[in-house]
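Here the structure is laid out as structure tokens; the discussion comes afterwards.
Just so you know, these numbers come straight off a predicted model, no measurement behind them. Chain naming here is simple, since letters A, B, ... match the order of the sequence lines and numbering starts at 1 in each. As a basis for the values below, the full set of heavy atoms in this structure was taken, side chains included, without hydrogen atoms, waters or symmetry mates.
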Amino acid sequence: MYRMLQRRLADRVRGLLRTQYGIEQASVVVDQPPNVALGEYALPLAFELAKQLRKPPRKIAEELVAGIGVVPGFHSFEVAGAGYINARVNRGEVAAALAADKHETAELNRDKILVEHTSINPNKAAHIGHLRNAVLGDTFVRLLRADGRQVDVQNYIDNTGVQVADVVVGFAHLEKKSKDDVAKLIATGLRFDYTCWDLYARVSQWYAEDKSRDKVRLEVLHAIEKGGNDLAEIADLISTDIMRRHLHTMQRLDITYDFLPRESEILRLHFWDAAFALLKESGVLYFEKEGKNAGCWVMRRAGAGEKTVEGTDEAEDQKVIVRSNNTVTYVGKDIAYHLWKFGLLGKDFAYRRFYEYPDGQWCWVSAETGERDHPHFGGVGAIYNVIDARQSDPQNQVREAIRELGDTEHAENYHHFSYEMVALTPRCAAEMGYDILPEDMTKAYIEVSGRRGFGVKADDLIDTLIHSAAEEVTSRHAQLEAPEQRAIAEQIAIGALRYFMLRYTKNSVIAFDFKDALSFEGETGPYAQYAAVRAGNIFRKGDTTAEAALAERINFEQWLSAPDGNDLWELWLAAAKLSTVVEQCIATTEPAHMAKYAFQLAQQFSNFYHRHHILNEADPERKKFLLATAAVVRRELARALDIMGIQVPPVM
RNA sequence: GCGCCCAUAGCUCAAUGGAUAGAGCAUUCGGCUACGAACCGAAAGGUUAGAGGUUCGACUCCUCUUGGGCGCGCCA
């Protein structure tokens, strides 16, 4: 609602600038006045036009106000301060439209968007860093869908890489286990991902003890890449079980995927051969005969200057894609995969069903030979890769390859959704019993490390949160049945966790501490859930429903222009801004704005809840209006929470 | 050496170049007879790391300095 009026206002002003001054202004900045008493929108454009028009800002603002005429939905325009134009909307009209849940018509025919997130190495349990990735990615997917976009969610599986190879080394060389032994271990149903977590740390230690053991690692890696042997089968057993466990862990947070492309199929379906041909033909890749990179196929390093500066090392401006032994680097394989994403490769995966969600949706996996009927993935117009900030160089390199192939449009639609890591505070690490180096004790945070087995496992954290929430629920709602208490505790735990992961902006490192993450008070998910629950309680106790409250005929204008109308209007206006916030989150690839918005809306509602005892309201007409206020805020708050993957419990 | 990110209240974090830099936590004070206090109100807390510059206007953009983080392989 707010977004629609903002666009209408900007369009009108743009037209006015054209007819009145002959100025083409591509974008008109629309702000908000410091408080609603001054209006709903503020236009500072008179300031920027002052020099161009050789007139004082106030004069320009006055001329624009005089010329703007009638704009549907708007009540009046006035000049304020040194030259702001403030716009006031028809409060009653906006409130009535919001109560009726009227939406602007969605734009149609927009390309499908592909979001890749999670992409955990399938060799050990997921940890808190992976949770940040998945929550950011899933929330971004929900934001896109809330904006009417069609989205495919992919979770890339590096099932033939060194990390899986390391665990295979662990089973084959340290544990002396056969393929059947590993299969039996998996069949026990015990936490195989936790077993691998510990084994992976042991293997890393084992390598460190004797450098010559790296040879074992390389042999195993090559056996896995080649396929058709016991080591490759062990790798497949490991990665397949752990993939399922990762899906299950994420499902606990309401995170699902459509497709799991695996590196094994990228290798065996020869995606690289197709990509190599394209890259050679277009000259993006060239064969280096001299220097450090002699014998390799290389491309220009992303960000390197067009010309090599005299005296600099030319090899520094090159990125090796095919090694002199004819094997392909990680970036090379990633280029092939991304050409497929954009439908530029001329090859496709085969597809198999892999994992069924409770709602009947399937998560598909890549295969060499697959099922006859399957959905189509890939060939999209825009992609978002949720990958941590440390990988921005290879990401830029892949984007650069696509750009140099001449496809600037796809290169522009290649988005590296970059975010910072989750680390542990030294105190948290100490509490967990890890040995900490003295120099680390004074640091703000310590990076988690799979190689050292150092970190907080995702499922452990979720369990701890549920346990903590359950204590609160049982003490507050002792009369409820245990399963219901448990269900509510889970909703609260998820709310706390997802909000915690979203409240920080992407490029701030989260220094994890159980004290902060386990908090259910203040700026947290449960606070916002609680506000929505209390709004719901009003209807239950009042023996009515939110729907009924919104169906009433109400003179909104009367109440919103009353002496205390500004405070109430502020709440309505905040509720009207959801779609504006969605748009902002997408444009800036920053889901943290939604977290902030939901919290602030909840806060304003809590304030309203205390000031107005709705069910005791003597005036029946005013009571109807206050009920409608609660209903609208509850609805928009629940939507905002849903976009973050947070549900509103029945009671709290 | 090169590149990217960061520095805001005691702590953790916000703030599309716009009007008086905001929250939470912690501290102090006050509010439960249930539309359940997982809440609300109030107080206190700021030279936005430092120095220049651009602008009608800078936490925000540019340059430099200081301090921190991350990346820069014929690893993945």
Side-chain angles (χ1 to χ4, degrees), chain A residues 29-35 38 42 44 46-48 50-51 56-57 80-84 86 121 158 160-165 218 221 263 292-298 301 303 312 316 319-327 329-331 333-334 388-394 396 418 420-421 423 443-445 447 469 472-473 476-477 492 496 503-505 507-511 513 515-516 519-524 526-527 529-531 533-542 584 587-588 592-593 595-596 599-600 603 606-607 609-617 626-627 630 651-652:
Chain A
V29 176
V30 183
D31 280 314
Q32 289 148 70
N35 64 71
L38 294 170
F47 297 110
E48 39 184 315
K51 189 168 278 181
Y84 286 96
N86 287 348
N121 271 301
D158 184 5
T160 53
V162 278
Q163 291 216 19
V164 170
L218 214 60
L221 179 62
E263 191 181 57
K292 181 161 98 74
N293 297 330
C296 300
W297 287 88
V298 301
R301 189 177 287 280
T312 60
E316 287 299 304
K319 176 70 197 168
V320 172
I321 302 298
V322 181
R323 304 181 188 102
S324 54
N325 68 0
N326 264 329
T327 57
T329 60
Y330 164 74
V331 170
K333 283 180 272 191
D334 220 20
D388 84 83
R390 288 170 292 191
Q391 296 208 49
S392 63
D393 279 2
N396 287 335
S418 167
E420 272 294 347
M421 61 184 169
K443 289 184 178 171
Y445 54 83
E447 190 176 348
E472 293 289 332
V473 173
R476 288 159 202 256
H477 303 285
I492 292 168
R503 59 178 291 196
Y504 302 91
T505 47
N507 51 12
S508 134
V509 175
I510 297 181
D513 198 305
K515 186 174 75 66
D516 299 330
S519 172
F520 298 151
E521 292 167 11
E523 191 183 341
T524 65
Y527 173 92
Q529 289 173 309
Y530 185 60
V533 166
R534 295 215 290 191
N537 288 348
I538 298 170
F539 300 104
R540 203 178 59 241
K541 293 280 175 132
Q584 186 196 1
T588 56
H593 298 310
K596 189 62 83 181
F599 173 67
Q600 284 170 350
Q603 211 174 24
S606 292
N607 188 299
Y609 180 91
H610 270 269
R611 263 204 314 243
H612 306 277
H613 203 280
I614 298 173
L615 295 181
N616 289 352
E617 173 57 48
L626 293 175
L627 279 169
V651 295
M652 271 179 86

> Is the aromatic ring centre of A:Tyr609 closer than 5.5 Å to the centre of the six-membered base ring of B:C35, with the two planes inclined by less than 30°?
Replying inline: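 Yes, A:Tyr609 stacks on the base of B:C35, since the ring centres sit under 5.5 Å apart and the planes are within 30°.
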> Hey, is A:Tyr84 stacking on B:A19? Ring centres under 5.5 Å, planes under 30°.
Replying inline: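 Yes; centroid distance and tilt both under limits.
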>> Tell me the interatomic distance from A:Lys319, atom NZ, to B:C72, atom P, rounded to whole angstroms.
In response: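 Taking NZ of A:Lys319 and P of B:C72, I get 8 Å after rounding.
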> Hey, do the aromatic rings of A:Tyr530 and A:Phe520 have their centres closer than 6.0 Å?
Replying inline: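 No, the ring centres sit 6.0 Å or more apart.
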> Does A:Tyr527 have any side chain to side chain donor-acceptor pair (under 3.5 Å) partners at least two apart in sequence or in another chain, and if so, which?
Replying inline: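 Side chain to side chain donor-acceptor pair (under 3.5 Å) check on A:Tyr527 returns A:Ser606.
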How is [X] classified with respect to the nucleic acid when contacts are heavy atoms under 4.0 Å: base, sugar-phosphate, or nothing?
X        : result
A:Phe520 : base
A:Arg476 : base
A:Ala294 : base

Write down the protein N/O and nucleotide N/O pairs, taken from nucleotides 23-31 of chain B, whose separation is under 3.5 Å; answer none if there are no such pairs.
from, atom 1, to, atom 2, distance (Å)
B:A23, O3', A:Gln603, NE2, 3.3
B:G24, OP1, A:Gln603, NE2, 3.1
B:G24, O2', A:Glu523, N, 3.4

>> Measuring only the P atom in each nucleotide, how far is B:C62 from B:G1? A whole number of Å is fine.
In response: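 Result for the P pair: 22 Å, nearest Å.
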> So which nucleotide from B:A76, B:G36, B:A38 ends up closest to the side chain of A:Lys541?
Replying inline: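 Given the options B:A76, B:G36, B:A38, the side chain of A:Lys541 is closest to B:G36.
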>> Of the options B:A37, B:G69, B:C35, whose atoms approach the side-chain atoms of A:Leu615 most closely?
In response: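 Nearest nucleotide to the side chain: B:C35.
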>> When you measure from the side chain of A:Asn396 to the backbone of A:Ser392, do you find a donor-acceptor pair of N or O atoms at a distance under 3.5 Å?
In response: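 Between the backbone of A:Ser392 and the side chain of A:Asn396 there is a qualifying donor-acceptor contact (under 3.5 Å).
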For nucleotides 7-11 of chain B, which of its nitrogen or oxygen atoms have a protein nitrogen or oxygen under 3.5 Å away, and what is each distance?
none

